[in-house]
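FYI, the numbering just counts along the sequence from 1.
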Amino acid sequence: MVNRSSLDETFHALADPTRRAILEEIAKGDPTVGELGRPFAMSAPAISKHLKVLERAGLVTRVREGKVNRFRLNSECLEAACELMRDLSELWRDREEAVEAENEVAPVVVEDDEMWKY
């Protein structure tokens, strides 16, 4: 099980739409910072800040190729977040089924005379 602080960082990183779009670009290959900046209307330093958040969360890794840094996805971190979401979804589904079953067990019948007692 992944610790909570790393999951917090993962969800924080994924909360930003630009970072999610950057992850989609990285998934297409192993781009450099410059290559990542092309599809976005932002500077290389701005892209670098987003990449640092993604690195801190463990979602991407930096691979040095000579003088160039390339970025790769790290699916292990994303899989941990997906596992948590599946577990929570299962708990919610079980709880929903329990509530539905409870509601089906004993329907309340109110006689017309009882409605006017109070």
Side-chain angles (χ1 to χ4, degrees):
M1 179 75 177
V2 175
N3 70 41
R4 276 205 186 284
S5 65
S6 64
L7 280 173
D8 290 346
E9 288 183 22
T10 299
F11 284 113
H12 167 73
L14 293 172
D16 185 274
T18 301
R19 288 193 285 269
R20 291 192 305 269
I22 289 171
L23 286 174
E24 289 175 10
E25 289 299 315
I26 293 172
K28 295 175 185 175
D30 297 339
T32 64
V33 174
E35 292 167 345
L36 282 171
R38 287 187 199 121
F40 303 98
M42 63 178 64
S43 66
I47 292 286
S48 290
K49 286 182 181 181
H50 284 293
L51 287 167
K52 285 178 185 173
V53 172
L54 293 169
E55 280 184 285
R56 222 178 8 256
L59 291 166
V60 298
T61 55
R62 186 181 301 250
V63 179
R64 188 108 170 123
E65 288 182 1
K67 295 181 179 181
V68 177
N69 286 316
R70 294 197 171 274
F71 293 87
R72 288 195 181 131
L73 288 181
N74 179 7
S75 62
E76 183 180 311
C77 197
L78 193 54
E79 288 169 9
C82 289
E83 181 180 339
L84 173 68
M85 297 305 292
R86 278 191 300 273
D87 291 347
L88 289 174
S89 180
E90 186 176 317
L91 287 172
W92 291 330
R93 196 172 23 258
D94 291 348
R95 179 65 184 139
E96 186 178 70
E97 288 171 3
V99 168
E100 286 176 8
E102 186 177 302
N103 288 336
E104 290 175 7
V105 171
V108 176
V109 177
V110 178
E111 298 293 326
D112 287 337
D113 293 345
E114 290 180 29
M115 282 180 38
W116 302 107
K117 279 186 177 178
Y118 301 103

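Taking every heavy atom of both residues into account, Asp16 and Thr18 meet most closely at OD1-N, 2.8 Å. Between Ala81 and Thr10, the closest heavy-atom pair is CB-CG2, 4.0 Å. Heavy-atom minimum distance, Cys77 versus Gly58: CB-O, 3.5 Å.
Under the side-chain hydrogen bond (donor to acceptor under 3.5 Å, both in side chains) criterion, Lys28 pairs with Glu25, sequence neighbours left out. Partners of Arg70 under the salt bridge (charged side-chain N to carboxylate O under 4.0 Å, His left out) rule, at least two apart in sequence or in another chain, are Glu35, Glu65. Checked against side chain to side chain contact (heavy atoms under 4.5 Å, CB included), Ser43 has the following partners two or more places apart in sequence or in another chain: Pro45, Ala46. A search for side-chain hydrogen bond (donor to acceptor under 3.5 Å, both in side chains) contacts involving Arg64 returns Asn69, not counting sequence neighbours.
Between Glu55 and Thr61 there is no side-chain heavy-atom pair separated by less than 4.5 Å. The closest side-chain heavy-atom distance from Leu84 to Leu7 is below 4.5 Å. Counting only heavy atoms from C-beta outward, the side chains of Asp94 and Glu97 approach each other to under 4.5 Å.
To the nearest 0.5 Å, the span separating OG on Ser89 from CG on Leu91 amounts to 9.0 Å. The distance from atom CZ of Arg19 to atom NZ of Lys49, rounded to the nearest 0.5 Å, is 12.0 Å.
Side-chain heavy-atom separations under 4.5 angstrom define the hydrophobic clusters, and the remaining members of the one that includes Met42 are Leu14, Ile22, Leu23, Ile26, Val33, Leu36, Phe40, Ile47, Leu51, Leu54, Leu59, Val60, Phe71, Leu73, Leu78. Within the hydrophobic cluster formed by Ile, Leu, Val, Met, Phe, Trp and Tyr side chains joined at under 4.5 Å, directly or through other members, Val99 stands alone, with no partner residue.
Enclosure of atom CZ in Arg72 is not indicated, since only 12 or fewer non-hydrogen atoms of other residues, nucleotides or ligands lie within 6.0 angstrom.
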